[in-house]
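What you see below is based on every heavy atom in this structure, not just the backbone, and it leaves out hydrogens, waters and symmetry mates. Letters A, B, ... mirror the listed sequences (proteins, then strands); counts begin at 1.
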Amino acid sequence: MTLLEVESVSKSFRGLRAVDDVSFTVEEGSILGIIGPNGAGKTTLFNLVAGALPPDTGSVRLAGTDVTGAKPHRISHAGMARTFQLMKPFGSLSVLENVAVARMAAGASRRRAPAEAADVVDRVGLTRWRDARSEGLPTAGLKRLELARALASRPRVLLLDEVLAGLVPAERTPVMELLETLRRDDGITLVFVEHIMAAVMRLSDSVLVLDQGRVLTSGEPHQVTQDPRVIEAYLGEEPTVAGP
Amino acid sequence: MTRPTTAHGAPAEDGGAVTAADPATDTPVAATGGRAWWRGAVGRTALVLLLAVLAVALAYWRSGSGVVVSQAVVTGILIGGVYGLVAMGLTLIFGVLDIVNFAHGAFLAVALYVTVEMTGRFGVHPYLALLVAVPVMFLLGAAVQRGILSFSIGQPLENQLLITLGLALLIDNLLLLVFGPNPRSVALPGDSGVEILGAVATVSRLLAFGVALVLAALLYLLLQRTRLGTAIRAVAANDTGAQLVGIDTRRIYMLTFAIGTACAGAAGVLVSPLVTIEPTTGELFNIIAFVVVVLGGMGNVVGALVGGLLIGLTEQLGALYLPGQSPLLAVFVVFVLVLFLRPQGLFGSKA
Amino acid sequence: MTATAEREAAAAPLPRPAWGRHLVAVAVLAVVLVPLPLVLPAAQQSVAVRVLVFAILAIGWNVMSGFGGMFSFGHAAYFGLGAYVSVWLLVERGISPWIGMLVGMVVAGAFAALIGFLALRYRLKGAYFALATFAFAEMLRLIAINSDLVNRAVGYNVPLRSEPSWAYMQFEPGSANYFWIALALTVVALVVTILFLRSRQGRFTVAVRDDEDAAAALGIPVMRTKLITIALSGAITSVAGTFYVQYYFFVDPDVAFGNSVSIQAILPAVIGGVATIWGPVIGAAVLGPLNDVTATVLRNPPPALDFLQGRAGLDVVLYALLLILIVLLLPQGVYGAIRDRVQRRRAGRRPA
Amino acid sequence: MRKRWTPALAVALPVVLAACGGSAPPGATGSDEGGGTGDTIVIGSLHPLSGAAAADGQQMDNGAQLAVDAINEAGGIESLGGAQLELASADTQGAPEVGQSEAQRLIQEGAVALVGTYQSAVSQNVAATAERNQVPFVIDVSSADEILQQGYTYTFRLQPSAEVLGQRGAEYLAQVSEAAGAPAQTVAVLHEQGPFGTAITESFRAQAEQLGMTVGEVITYDAANVSDFTTQITTVQESGADVLMVAGYYRDGVLVANAVQTVGPELDAVYGVANGAFDTPQFPGEVGAAGEGVFDANYRLDITNPETQELAELYEQTHGDQMRTAAVLSHEAVRVVADALERAGDTDPAALRDAIAETQLESLMAQSGPIAFTETGENENATPILMQVLDGNVRQVYPEEYAETPPVYPAPPGL
């Protein structure tokens, strides 16, 4: 079943087309990787899909319901969660409270939320930091916190904006494993933006390549990386295989 | 102002868009340049002029007397010049240091008393007090910024607000202690009424207005044409960025506050013949000056002048529309409308 | 770079929110303070009541501006509405101020939400938001001054009753009942604040303050959360206004809506500690008597300072100096500083 | 950042301690001054010693102190064994709640009576406090009619009420202009929008219309913010009024005079009623020629009275400043209390109140008789007189018994 349908969405900022007529669909339980050079419009695309920005044109459908331009909290309630590339913790709250708030926002009662949140915290491997003030976490911790909060809202689709960036290779593997279990055991559909090609190759069922706001190509991971246009777009950008 | 959270790192790959769409976070500073801005500014000026003409026509219709309306317009423009004069220093401070400086009126009062002493003791022409008041206020401003305000940088908005309020209270009451409560006055030799367009105005007001124009021009040149001005604008636009290119932001903060306070000093001397001088006189201008600053766009000295004129006119014509209501009500209505519709100020660029 | 080290340090465990302990502390405070009027002489008792009025005012402000992160410089609007609505009902309609208090809360809360909606709808932030709230409070003042409905600039006197009356909140002068009522209202305001912060809605408020985008993405309705916070803040502050009139017997537009009221709402919270439960109370306890202390010290100065006696304005100078010093040296407020200190201790780190 | 802790604590501690000290029971300060006991009797004086009205407030406090000194020098309160008076001064800062708590403090420290306060809002509060504590309160200055309409029995007022001021103001205008053969016909009014200006205007308008004058244009303004009156004066000029009545305070009064000079409307007179500027000694100096000929109908110290002259001289010697009328009223307020103490021979508040209610005391003010109080506590002989700025001095010009010199009417601006 098609869970997420994005149909020719566009967005301009003062004449600059950040996202230009982008369409794609995501099947339930699949993983879509989105790649593209810096400034390709990936984060803007996420903002359009998750409701942080209204698209100028086009539509977004989640499980058959039109959510184009809906407020972010409505989209969240409809079953879509996201993480932010620039981490946005609730700085004054502890890690556990951060996740508990997310549970409550998804409807859990004040009493049950902490226990349920604790499970999520354990699951993403933040147990050690559970009672730490979140704004003091190191980058790796904040990335996991983003993930934990998004998971706490028990989404059907999870949009991940560079959850691996800023992690050292040793830290990446457990996160990738976690993402795989999310799909396998929880049946969560994943859409993720990532620079680290190894992760894209390993996780994605299919890949969407953006360049200058447009879809350059899409398809199976291996086809896409062979595509000369993709190689050209990335030329001089950064190595196609290793992360920064 | 939100509570301090994590300092966000370098700008996002393409994620700056969300914040860029939010006008209130922009920090425009005196004419950020660019042709588009000019075209926009000209357009807005035309719009403002059109509105002004409409307002005058309406006022005429309400009051039915041409003399009254032309007097209101002349008075409004002249008072507006004074408002602009007072707001100029404030807008610089607001734009660069991001401080809502409630002590601005109190600084102005200090200059008033400097003028009183100069004319009273030495019998000099009041405007000669400029030579003393401006440098003295410059040094006072520098000292206050270094000695007090610099410690509050990075503190939340309400802390800074309370510190400047405390300063105002302190200065007002020191003036009361030193000079006593009796009202003083300064007379401008040869001050008399002059007729303009069927209305009358005093020479002192005309002069204050003229000097306000000159001062605005000087400040504009300072900001646009000097190295210091460039540095000030850079700090206003982005202080971390300015620091990265080697600008000593601490020094710029101090100099800007000093310049702003010196402007209050100049304003104090110029308005001294127009007001009754008491320790609390400066407070009269505080509220209006803030309105003017927001109207003109913070950090924008030319905007402050234009904003001052608009408020002066609003006050005068508003009194004709709403007889029996306080003219300030009209001022606040305009203020709120501008806040809502153009929070970056009428002449602020949209960055 | 020490940034990492600092982060590690800052990530020290936060104490779990101890709502229960806060509630117990409120109860203890109440019990300790109840006998106060029996030992305090009348003049000090009126200072104590003033402290409590300031405290309620600031507790209200703190909900919106501390916990909600929306800086209000116009809380005079809600204080004034609480004062005017209740006194109007009392004088013009003979309705008990207790009912007036409830009506005032509703009116102030609704007005606060309306202002909040407009300001947020147009995305005002920081100083701009503050100036907008200020403008609305001033507009209320100016309208009241010229409105026949509320007696224009003359304001209202609370009619004196021949007999003390609980129903009309009026007792003999210096009656301990005034203190007790103020204390009870303060306690209720504190308890409401604590329960609110503990509730889902309160958690949302803090989350939205810390990061709006993240909160929205997690399914928290940002606008609604903010408006609820603002309305609660306005309602709490209005209670201070209602009580003020019943205690001081008089209100006019300047007393109710003047910007000095807005400042008095901010001061205790900042002095005591913004966004802390106890900050406003502690701040009010420090500030309320401060005025009287500076005045008393200067009325009877130590011999060395005798020459200062009778210099008008000096007490205010001293007050202003102390104010500036406190804000500069304790940017987190008294309570905030103590809390940080304790937390650091607990984390086993001594300050550098 | 963290290093700030220690000094911060060092500062905070004394503040907190001081704060605690403030709310603790009064120590040495209170009981030493001790009220009605022993040989000193404390009278509380509540005035705005700081803030916008500090100039008047300080004068008033000085005036009260001079009265206390004079009475003590003359042997104190004889019926109480020559008991000495002591003035306990408090600064209301012009704020109602400060006025209230200071009043409470003074009462607690044993003040047998209170005098004050200048601002009507503060007086309202102090009156309620005095009433509820049953301590007599003699208002020296505060015009709001409402204060004495609350049925208070412990509050008395020396200055004429707004109602009397407005009425007499209208009568004098009618009489003076008629006598000069140029009866005032159309009066324009410019008044500050507070309770003071509004109340004066209402009673003036009622009386003026009864006397056959027309009150035309009525313009209000906000005294706290106004900075120019040229538009308002132009409106007056266009309305064709022949007299401009002005009710306001000092700063705005000065601005009005200046604007009148600038615009130059054709008026027979600029006529203040209880104006805060027009009859002050500073006014002619501040506005120069613009003040010439300006009238003010206001309560006034009677400079034709030798005793008043004496007091004025004494004041100038002691304080190096010209005495204002407000200072005389505070002086009188203390004298009223002292006189009542003398007659009652008792410091009991109730006895004192009854004695004050029966006061018959010669006044240093221009009054139509001795100080005596009506049922509601108004000074029944309080009256304004008419003054005019002539040759750079404020002169008493009407009614005749107080006139230093006859009025000049018409007195077009810039005479």
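- Of the possible polar contacts, one joining the B/Arg184 side chain to the B/Phe179 backbone as a donor-acceptor pair under 3.5 Å is found.
- Both the backbone and the side chain of B/Phe340 come within less than 4.5 Å of a heavy atom in chain C.
- Considering only heavy-atom pairs separated by less than 4.5 Å from chain C, the leading option among B/Leu328, B/Leu167, B/Leu339 is B/Leu339.
- Interface remark: C/Leu318 contributes no atoms to any contact with chain B (heavy atom separation under 4.5 Å).
- Of the two parts of B/Ile148, the backbone and the side chain both hold a non-hydrogen atom closer than 4.5 Å to a non-hydrogen atom of chain C.
- No part of C/Ile145 comes within reach of chain B, as not one of its non-hydrogen atoms sits under 4.5 angstrom from that chain.
- A donor-acceptor pair under 3.5 Å is absent between the side-chain atoms of B/His104 and the main chain of B/Phe285, judged by distance alone.
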Stepwise side chain to side chain contact (heavy atoms under 4.5 Å, CB included) check, C/Leu120 with C/Leu227: CA-CA 9 Å; C/Leu120 296 171; C/Leu227 292 184; 4.2 Å; yes
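- Chain C forms the most heavy-atom pairs under 4.5 Å with one residue out of B/Leu149, B/Val333, B/Ile287, and that residue is B/Ile287.
- With hydrogens and angles disregarded, no donor-acceptor distance shorter than 3.5 Å links the side chain of C/Ser72 to the backbone of C/Trp61.
- For B/Leu165, the part sitting under 4.5 Å from any heavy atom of chain C is the side chain, from C-beta outward, and nothing else.
- Ranked by heavy-atom pairs under 4.5 Å with chain B, the list C/Asn259, C/Val327, C/Ile263, C/Leu323 is led by C/Val327.
- The only member of C/Thr205, C/Ile230, C/Thr237 that meets side chain to side chain contact (heavy atoms under 4.5 Å, CB included) when paired with C/Met64 is C/Ile230.
- Between the side chain of B/Thr91 and the backbone N or O of B/Met88 there is no donor-acceptor pair closer than 3.5 Å.
- Counting only distance, with no hydrogens or angles, the side chain of B/Asn286 and the backbone of B/Phe102 share a donor-acceptor pair below 3.5 Å.
- If you measure heavy-atom distances from B/Ile171 to chain C, you find no contacts under 4.5 Å at all.
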